[in-house]
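Shown next, in structure tokens, is the structure this report addresses.
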Amino acid sequence: MAALSVLAVTALALAACTGTSLPASSPSSAPSSLAPVATANVDPAVEDTRLAVEGTLKKLVTANAKPDREAVRAALVSAGIPTANVEVSVSRTPTGLDVDAMEAAALTGENCVMGQIRDGGVAVTVLPVLATGKCFVGDTR
């Protein structure tokens with residue numbers, strides 16, 4: 001929004017210098033990136049899984065800002081996500097250090113509910129399942 005204001009001020013300044021007038025703008029003439037995004041119909045099963053993943057991960061990081069891999073997996077399974085549908089990234093690097101962020105995924109139909117834990121915070125999004133039928137690329141051991 002600030003960039004739009006700077007652009008408008010610059011345009012007005014240029015118009016004042018050249019003596020030409022600018023057409024009146026309306027809210028509908030705003031760039032499409034600023035327009036509200038329409039929400040598509042959300043599959044109730046995906047939304048239920050998204051809420052379960054988000055709530056579970058937030059509860060988990062409240063108790064421990066850097067949970068380990070097995071704690072994340074156990075919490076998601078306890079939240080009702082089938083074990084076969086849960087994928088969790090590693091919590092430690094090959095040299096034994098804590099990772100900067102952990103990823104967890106819950107496969108739900110043709111979607112993956114992806115959760116990320118970073119700095120004690122949680123972000124969740126829904127992405128399409130990969131061609132492999134999994135949510136992660138590579139080995140999740």
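Remember, it's a predicted structure, so these values are computed and weren't measured experimentally.
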[X] versus [Y], closest heavy-atom pair with distance:
{"X": "Q116", "Y": "E103", "result": "NE2-OE2, 2.8 Å"}
{"X": "T56", "Y": "A79", "result": "OG1-CB, 3.2 Å"}
{"X": "V72", "Y": "A104", "result": "CG1-CB, 3.9 Å"}
{"X": "S91", "Y": "M102", "result": "CB-SD, 3.6 Å"}
{"X": "A105", "Y": "F136", "result": "CB-CE1, 3.7 Å"}
{"X": "I117", "Y": "P67", "result": "CD1-CG, 3.9 Å"}

Quick check for you: to the nearest 0.5 Å, what is the distance between [X] atom [atom1] and [Y] atom [atom2]?
{"X": "N111", "Y": "L127", "atom1": "CG", "atom2": "CG", "result": "8.5 Å"}
{"X": "E110", "Y": "D43", "atom1": "CD", "atom2": "CG", "result": "10.5 Å"}
{"X": "T49", "Y": "N85", "atom1": "OG1", "atom2": "CG", "result": "8.5 Å"}

ask   = Would you say C135 and L130 make side-chain contact, with heavy atoms under 4.5 Å?
value =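 A side-chain contact is absent here, since even the closest heavy-atom pair is not under 4.5 Å.
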Do you reckon [X] sits in the same ILVMFWY cluster as [Y], going by side-chain contacts under 4.5 Å, direct or chained?
{"X": "V129", "Y": "V88", "value": "no"}
{"X": "V126", "Y": "L107", "value": "no"}
{"X": "V124", "Y": "L51", "value": "no"}
{"X": "V53", "Y": "L60", "value": "yes"}
{"X": "V113", "Y": "V86", "value": "yes"}

message = Do the side chains of D98 and R92 get close enough for a salt bridge, i.e. N-O under 4.0 angstrom?
response =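 Yes.
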query = Is the side chain of N64 donor-acceptor paired with the backbone N or O of K66 at a distance under 3.5 Å, no angle test?
reply =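 Yes; judged by distance alone, with no hydrogens or angles, the pair exists.
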